[in-house]
Visitor: 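Pasting a structure below so you can have a look.
Note on naming: letters A, B, ... go to the chains in the order of the sequence lines (proteins, then strands), and numbering restarts at 1 for each one.
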There are 2 protein chains.
Amino acid sequence: MDKLDRKILSVLQKNARASLQEVGAVVGLSASPCWGRIKKMEEAGVIEGYTVRLNPLALGLGDTVLVMVTLDSHSDNTLEKFGEVLASIPEVVEAHLVSGEYDYLLRVVVKDTRDYERLLREKLYKIRGIRHSQSSFVLRTLKKADLPLGV
Amino acid sequence: MDKLDRKILSVLQKNARASLQEVGAVVGLSASPCWGRIKKMEEAGVIEGYTVRLNPLALGLGDTVLVMVTLDSHSDNTLEKFGEVLASIPEVVEAHLVSGEYDYLLRVVVKDTRDYERLLREKLYKIRGIRHSQSSFVLRTLKKADLPLGV
DNA sequence: CCTGAAATTCGGGGGGC
DNA sequence: GCCCCCCGAATTTCAGG
């Protein structure tokens with residue numbers, strides 16, 4: 001992981017389909033060493049995969065909701081069960097155990113507020129062990145940036 | 001945007017470097033119509049780009065912090081200024097205007113708690129117009145999923 | 001809108017420096 | 001380590017159904 005590796009990652013973060021020659025041109029290498037470095041970072045687990053950035057609105061997913069959750073009990077069992085249930089709800093795209101006033105922060109993506117109400121009623125409110133939850137709608141996204149690689 | 005398009009996106013979300021033949025094999029098409037559909041979705045803005053999923057820990061970025069911010073004033077000017085300042089801080093990887101008890105939720109990625117303290121002191125606390133802020137560390141991530149495409 | 005094939009570009013892997 | 005070159009595979013274009 002030297003400066004060149006970080007430069008390569010920075011290019012790939014902006015466009016993961018850039019050809020090796022394009023990557024090489026930016027970082028000042030030819031294609032083959034770039035290829036070797038990328039393979040190495042894939043094997044080392046630095047690169048976890050390649051994905052597409054989608055526009056949720058264009059897909060009919062108009063609302064993102066941040067849900068702050070507090071659990072009743074903090075036993076290993078409750079925690080594990082909660083994780084399992086969340087894994088089975090596709091609208092829950094992120095779930096984090098956090099420090100502070102509440103226990104979890106979920107990011108939920110839905111079509112609209114009606115869809116969210118349905119999700120709350122049919123899925124989230126049915127989860128046992130939730131003491132309290134608070135929903136916060138994303139009204140506007142000001143920034144969505146790549147990881148800071150310092151290059 | 002029919003079922004096939006969503007299926008293609010679902011494949012690309014899991015692996016944006018899948019060859020057109022691999023994509024085609026999954027959705028039941030040959031390579032060329034897949035290519036055409038992908039191009040169309042790129043032009044329509046459904047696909048915003050391709051990126052790499054990185055392991056922050058492997059890059060020395062050990063801590064993710066969620067910062068809830070309340071502003072003093074909600075004038076257009078304050079709001080715009082705040083956005084501009086956030087744009088210039090690479091550690092702030094996401095910033096959302098939200099409904100509810102506070103105004104903004106930021107996602108900040110740093111090396112460690114010392115690094116976060118430095119960021120707070122040198123950058124965030126210097127921003128004019130912040131009434132209150134509250135930091136919440138991500139202790140564990142239970143889920144990180146693709147957008148729900150219903151396929 | 002698809003299939004299938006042709007032309008072009010790219011990925012993946014050697015050998016030399 | 002990197003660069004250059006080669007071969008097989010992928011992308012992209014375009015005929016025809």
Visitor: Kindly give the cluster partners of Leu105(B), where membership spreads through any ILVMFWY side chain lying under 4.5 Å from a current member.
Guide: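 Members alongside Leu105(B): Leu66(A), Met68(A), Val98(A), Tyr102(A), Leu105(A), Val138(A), Leu66(B), Met68(B), Val98(B), Tyr102(B), Val138(B).
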Visitor: For dC1(C) and Arg37(B) - does any side-chain N or O of the residue sit under 4.0 Å from the phosphate oxygens OP1/OP2?
Guide: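 Checking Arg37(B) against dC1(C): no side-chain N or O falls below 4.0 Å of OP1 or OP2.
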Visitor: How long is the line joining CG of Leu12(A) and C1' of dG11(C), in whole Å?
Guide: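 Taking CG of Leu12(A) and C1' of dG11(C), I get 14 Å after rounding.
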Visitor: Check the distance between dG1(D)'s P and Leu4(A)'s CG and give it to me in whole angstrom.
Guide: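 After rounding, the reported distance stands at 11 Å.
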Visitor: According to ring-ring contact (aromatic ring centres under 6.0 Å, His included), does anything in residues 119-145 of chain A pair up with another residue at least two apart or in another chain? List the pairs.
Guide: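 Sorted pair list: Tyr116(A)-Phe137(A).
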Visitor: Which atom pairs, one a donor and one an acceptor, fall under 3.5 Å between side chains of residues 78-87 of chain B and the rest of the protein, sequence neighbours left out?
Guide:
residue  : atom : partner  : partner atom : Å
Thr78(B) : OG1  : Ser73(B) : OG           : 3.0
Thr78(B) : OG1  : Ser75(B) : OG           : 2.7

Visitor: My understanding is that only residues two or more places apart in sequence, or in another chain, count here; which of them pass side chain to side chain contact (heavy atoms under 4.5 Å, CB included) with Ala44(B)?
Guide: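 In terms of side chain to side chain contact (heavy atoms under 4.5 Å, CB included), with neighbours along the sequence ignored, Ala44(B) is linked to Val46(B).
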Visitor: Taking side chain to side chain contact (heavy atoms under 4.5 Å, CB included) as the definition, give me every residue that meets it alongside Arg121(B), ordered by chain and number, with sequence neighbours left out.
Guide: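 Arg121(B) satisfies side chain to side chain contact (heavy atoms under 4.5 Å, CB included) with Glu117(B), Arg118(B) only.
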Visitor: Between atom CD in Glu22(B) and atom P in dG11(C), what is the gap in whole Å?
Guide: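 Result: 14 Å.
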Visitor: Across nucleotides 11-17 of chain D, 5' to 3', mark each nucleotide with B, S or - according to how protein heavy atoms within less than 4.0 Å reach it.
Guide: SSB----
Visitor: Looking only at side-chain N and O atoms, does Ser30(B) come under 4.0 Å of OP1 or OP2 in dT3(C)?
Guide: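 Yes, Ser30(B) has a side-chain N/O under 4.0 Å of OP1/OP2 on dT3(C).
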Visitor: Would you kindly say whether Gln13(B) and Tyr50(A) are connected by a side-chain donor-acceptor distance under 3.5 Å?
Guide: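 Checked: Gln13(B)/Tyr50(A) side chains show no N/O donor-acceptor pair below 3.5 Å.
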